[in-house]
Structures are given as structure tokens and as C-alpha cells.
Protein chains: 2
Amino acid sequence: MTTVRGARARARIEITAAIKAEARTQLAAEGAAKLSLRAVARELGMVSSALYRYFPSRDDLLTALIVDAYDAVGAAAESAARETAGQPSLDRWTAVCRAVRAWAVAHPHEYALIYGSPVPGYTAPQDTNAPAARVGLVLVGIAREAHEGEGVALPPLPDALRPEAVRITADMAPDLPPALVVALVAAWSQLFGTISFEVFGQFHRLVEDRDAFFATAARRLGQDVGLLPRG
Amino acid sequence: MTTVRGARARARIEITAAIKAEARTQLAAEGAAKLSLRAVARELGMVSSALYRYFPSRDDLLTALIVDAYDAVGAAAESAARETAGQPSLDRWTAVCRAVRAWAVAHPHEYALIYGSPVPGYTAPQDTNAPAARVGLVLVGIAREAHEGEGVALPPLPDALRPEAVRITADMAPDLPPALVVALVAAWSQLFGTISFEVFGQFHRLVEDRDAFFATAARRLGQDVGLLPRG
DNA sequence: CTCATGCAAGAGCAGTGCTCTCGTTTCGGG
DNA sequence: CCCGAAACGAGAGCACTGCTCTTGCATGAG
């Protein structure tokens, strides 16, 4: 526990927060590639070298933004799960998917930062691992609830995939059947495929009513996992 | 048709090709963000300003690489479709998916260029539209063959999505049922979700046997479209 | 053969990430 | 309370980047 020892320490966390805030502003406005340390410092009325007292490099600043972005989308997913407690699992699943998509559409550059191409020569520090897992954990939770309650329609698991499925299951959710866990991981990645295509412009001039399109796509993904309609 | 009028014109297309080749080398080595016009020129033994005679800007060079990447992955998909002609549609579907994934894994930075986060302030020129559609067209072709031959198990189409589905179908494949086309677009985006998660490192320490995992994921996507197993 | 055009070279501008030094301010242990 | 250590802001500077402009040379078309 690092307590705030004095005015200096307080100033440090305030300035750190201000730097992140300004960086996030520039990120939202121009994207990660155009995020400039010097511009952030300029906007904050300090000189660029002073900023290195708070973030050792531009990549470290970006990493901080990545962690925050993972936390934000994770919080959105958890909030959607909380608000739909008690509803049928398939409805909860689609609600969480829609919450993630809504966050992505509202924060395209932050979304690109975490689910787009890795920016700085692909160095994913350990700090990002836990926040990155939050959305996945929410989906696992919904599947678990369905499995323990209404039941799930387990998709077939090919023999070639069984060893891998057992391994993933042991790592991730030992209380769930491997077939379910594998379907979950696949649906998880596929969910972000549809969101990425929308955010990155691949649906341009092809899909117009994206709310409706995404809603049925997400629901179908939930059924792929084994969640039952008309719970 | 611009014929090669002389030694000068020939030199021009040769140098243009050399620039693209060197740029692709740097792209594969370091990624799009680190691709430097000056470094390309340096490696080619010319001065940086000379390079602007061939590409008006760095973005134009990137656009050329994007078009080439779309063409390469499209060619891989078409080749897989050609080699599996006559086989059951679901097998052809998975073969095409695996070909696309294999290309992506072999060329991660080029993949990131076209299916990762779009570069800042960059709006895809018209030149990229046609090449970008090639993979999709291959998948449409397989679905069409199944629809006209073995038949497809049409997924249900919610009323809320029907107008949009009809619109997309008119634009894309007027001879196919809207429910099939919508499922196709969804599966198309979801396919690239799984590939992106693998290429961008989201499966790190989670999925190990990626061949097996992807094979069943791709097959399940094919079934979502309505392709029938044991054709 | 002549002359407009294509081209390479170089200098230069504005911007970047990052390092180093140099005074100054703050804080904590003796 | 006080003094040394640590943290800090400012500035200069390095090695880059994309891009523009001018200059002089070689090529190829009329």
C-alpha cells in the first residue's frame, strides 16, 4: 500500500492522471499512431523531457492506455451481465455482446488499441493479462450459469480437438465440460471478428442496419455455445 | 493500355517493383508502423526524395502494399477453392478458411495491414475495394454451389433483420436467399475474428493446438451458414 | 539535333522519441 | 531543525522521420 506521503506524491499521481487524460484525448481524436509525447506535454504546458519522469517511454504510456481500455470494456461487459441477472442465459449473452459492441463503436481508437494490430512491435506486458481476460470471464460466467441451470446443448467435440479442449478447460474453467469451453473460446473470438469488421470499416457499404445485424449474429454465437433459446 | 515505350519506362516499372519489394521486406520484418520511406530508399541506394517520383507519399506506398496483400490472400482462397472442386461444400468451406488462416499466420504484418486497425486518417481508396472482396466472393461461391446442389439448412431470419437482409442480398448475391446471405456475412466476419485473435496474440497461453482448434471453429462456421455435414 | 521532360541529388523544414545536463524544490532521517 | 539525497522542470541536443523545393544532368520525342 503506497499511501500519499505528501504534496509531492499527490502532485505526482495528479500529473500522471492528467497525462493519461490528455493522451486519451489525443488517442480518441487521431488514433494511436499519431499520439505524440511532445504534443501531450505541450498541451499540458510542460516540456517534453519532463514527461519522462512519469512514463519511461511512449510505449509505457500506451500500455497504460491499453490497460485502461481493457478495464473499460470489461466493466461494460460486467455491467451488462449484472443488469440482466436472472434473465435467460441467451438473452444475457446477447446483452453482454451488445454492450461490448456499443463500447467499441463509441471508442473506436481505444478498441483498435486493444483488439487491432499490436502497435509497438508486439510487446504485451504482464500488466495487461488480467484486464484483457475480463470480457472472457463474463462470457464464461454466463455459460456456467446456463450449464448449472437451464442446461446447454453441447456441441460435438471432434476427437482431434479433445486433448487441447481438456487442456484449455483445465486452465480456464475446470468445472465446465471441454466441449462447452472450446465452443466458448471460438465464439469469443468470433464475436470480436464481427465487432472489428464494423469498427474497422469492413462493413462499409455492405451492412447498414448494424444494430439488427449484430443482434442476430451475437444471438447465433450464443446458440453455438449451446445456450438455449426460449429459456 | 500503357505499353512499355522505352528503356526509361521499363526502368520505371522495375524501380517501382523494387521499391515495393523492399517495402514489403521491411513490413514483414518490423511492421507497418516502422516502415520508413528513407530506410527503403537507403537500402535501394537512392536518396529519399527520389522515391517520391514513384510514390507521391508514404500512404500511397502503403496502399500499394495493401492492394497486394488483399490480392495475395484472395489468391490463396481462390486456389484452395479450385483445388477442392467437386468435394462436399462444407469441406471446401473449411479448406478455404484454412488457406486464409495459413496465409495470415505466414504473413502476420501484411495481415495486420489489411485486417488490423486502419492507419490514422486513412480512408481506403477505391483501388482496394475490389481486391478486398475476393475472399468474400470465394465463400459466396461455395455457398451458392451448396444452395444449387446439395442444398443448405437455412438458418432462421428474424423479422427485424429481413429488410436489411434483402438489401444486402440485392447488392451481393441476388440469386441467393437473404437468410443465407446474412449468415454468410456474419460467418465471414467471424472467421477473421478467430484468425485475428491468433495472429494478434490474443490466444497466447490459452490455445496451443491452433490447427485443431481452428479446423473445428471453421467447420462450425460453415454449418452456421447452412452447409451440410457428410455431403 | 534540339529542347522539353523525367529523374536523381542535395539542402532544408517541421516534427518525432529520447538522453543528458543543470539548477531548483521538496522531503525525510539524523 | 537542518542538510543531504532524491525528485523535478527546463533546455539543449541527437538521430530519426515525411515531405518540399531547387538544381543540374541525361534521356528520348519531334
Side-chain angles (χ1 to χ4, degrees), chain A residues 1-20 22-23 25-27 29-66 113 118-123 125, chain B residues 2-20 22-23 25-27 29-66 113 119-123 125:
Chain A
M1 273 300 136
T2 61
T3 54
V4 178
R5 257 184 258 283
R8 182 160 243 172
R10 186 165 332 191
R12 173 166 251 281
I13 64 176
E14 270 177 18
I15 293 179
T16 304
I19 292 172
K20 282 211 296 186
E22 176 58 31
T25 300
Q26 293 197 12
L27 174 66
E30 297 272 18
K34 296 224 171 170
L35 194 161
S36 153
L37 262 176
R38 293 179 107 112
V40 170
R42 205 179 303 130
E43 209 67 25
L44 262 53
M46 55 171 88
V47 92
S48 72
S49 60
L51 211 145
Y52 284 83
R53 302 264 176 206
Y54 301 89
F55 293 94
S57 81
R58 181 181 182 274
D59 281 1
D60 289 88
L61 177 54
L62 268 182
T63 300
L65 297 184
I66 288 175
L113 200 59
V119 186
Y122 103 109
T123 39
Chain B
T2 60
T3 54
V4 178
R5 260 184 254 282
R8 185 160 241 172
R10 185 166 331 194
R12 172 166 252 281
I13 65 176
E14 270 176 18
I15 293 179
T16 304
I19 292 172
K20 282 210 295 185
E22 176 59 29
T25 300
Q26 293 196 13
L27 174 67
E30 297 272 18
K34 299 225 172 172
L35 194 162
S36 152
L37 262 177
R38 293 180 108 111
V40 170
R42 204 180 303 131
E43 209 67 24
L44 261 51
M46 56 171 88
V47 90
S48 73
S49 59
L51 212 144
Y52 283 82
R53 301 261 171 205
Y54 301 89
F55 293 93
S57 80
R58 182 181 183 274
D59 279 0
D60 289 87
L61 177 54
L62 268 182
T63 300
L65 297 183
I66 287 175
L113 201 58
V119 308
Y122 173 90
T123 46

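Model, not experiment: these values are computed from the prediction.
Checking D:dG9, C:dC18, C:dG10 against the side-chain heavy atoms of A:Arg53 singles out D:dG9 as nearest. For B:Arg58, taking side-chain heavy atoms from C-beta onward, the closest of the listed nucleotides D:dC19, C:dA9, D:dG9 is D:dC19. Proximity note for B:Arg12 (side chain, C-beta onward) versus C:dC7, C:dC18, C:dT19: the nearest is C:dC7. Minimum atom distance to the side chain of B:Tyr52 is reached by D:dG18, of the listed D:dG18, C:dC7, C:dA9. Checking C:dC7, D:dG9, D:dC19 against the side-chain heavy atoms of B:Tyr54 singles out C:dC7 as nearest.
At a cut-off of 3.5 angstrom, the base of C:dT25 holds at least one donor-acceptor pair with the side chain of A:Arg8.
Closest approach of A:Leu61 and A:Ala23 over heavy atoms only: CD2-CB, 4.0 Å. Across all their heavy atoms, B:Arg12 and B:Tyr54 have their closest contact at O-CE2, 3.9 Å. Minimum interatomic distance between A:Ala32 and A:Leu113 (heavy atoms only, all atoms of both residues): CB-CD1, 3.6 Å. Nearest heavy-atom pair across B:Ser36 and B:Ala39 is OG-N, 3.0 Å.
Counting any heavy atom pair closer than 4.0 Å across all strands shown, B:Leu51 reaches no nucleic acid atom. Note on A:Ser57: only backbone sugar-phosphate atoms sit closer than 4.0 angstrom, heavy atoms only; bases stay farther off. Counting non-hydrogen atoms under 4.0 angstrom, A:Leu35 reaches the backbone sugars and phosphates but no base.
With A:Val40 as the partner, the side chain to side chain contact (heavy atoms under 4.5 Å, CB included) test is satisfied by one option alone out of A:Leu27, A:Thr25, A:Leu51: A:Leu51.
One can place CG of A:Asp60 at 13 Å from C1' of C:dC18, the figure rounded to the nearest angstrom. Whole-Å rounding puts the B:Phe55 CZ to C:dG6 C1' distance at 17 Å. Distance B:Ile15 CD1 to C:dC7 C1': 9 Å, rounded to the nearest Å. Nucleotide C:dC7 holds its P atom 15 Å from the CZ atom of B:Arg10, rounded to whole Å.
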* Asked: Under the side-chain contact (heavy atoms from CB on, under 4.5 Å) criterion, do B:Ile15 and B:Met46 qualify, and how do the steps go?
  -> CA-CA 11 Å; B:Ile15 293 179; B:Met46 56 171 88; 3.8 Å; yes
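Side chain to side chain, A:Thr63 and A:Asp60 fail the donor-acceptor criterion of an N or O pair below 3.5 Å.
Judged purely by atom type and a 3.5 angstrom limit, A:Arg58 uses its side chain to pair as donor or acceptor with the backbone of A:Leu35.
Of all the residues in residues 36-48 of chain A, A:Arg38, A:Met46, A:Val47 reach under 4.0 Å from DNA chain D with at least one non-hydrogen atom.
Here A:Gln26 contributes atom CD and A:Glu22 contributes atom CD; the two are 5.0 Å apart, rounded to the nearest 0.5 Å.
If one axis is set at each end of the helix from C:dC1-D:dG30 to C:dG30-D:dC1 from five pairs, those axes are 10° apart, to 10°.
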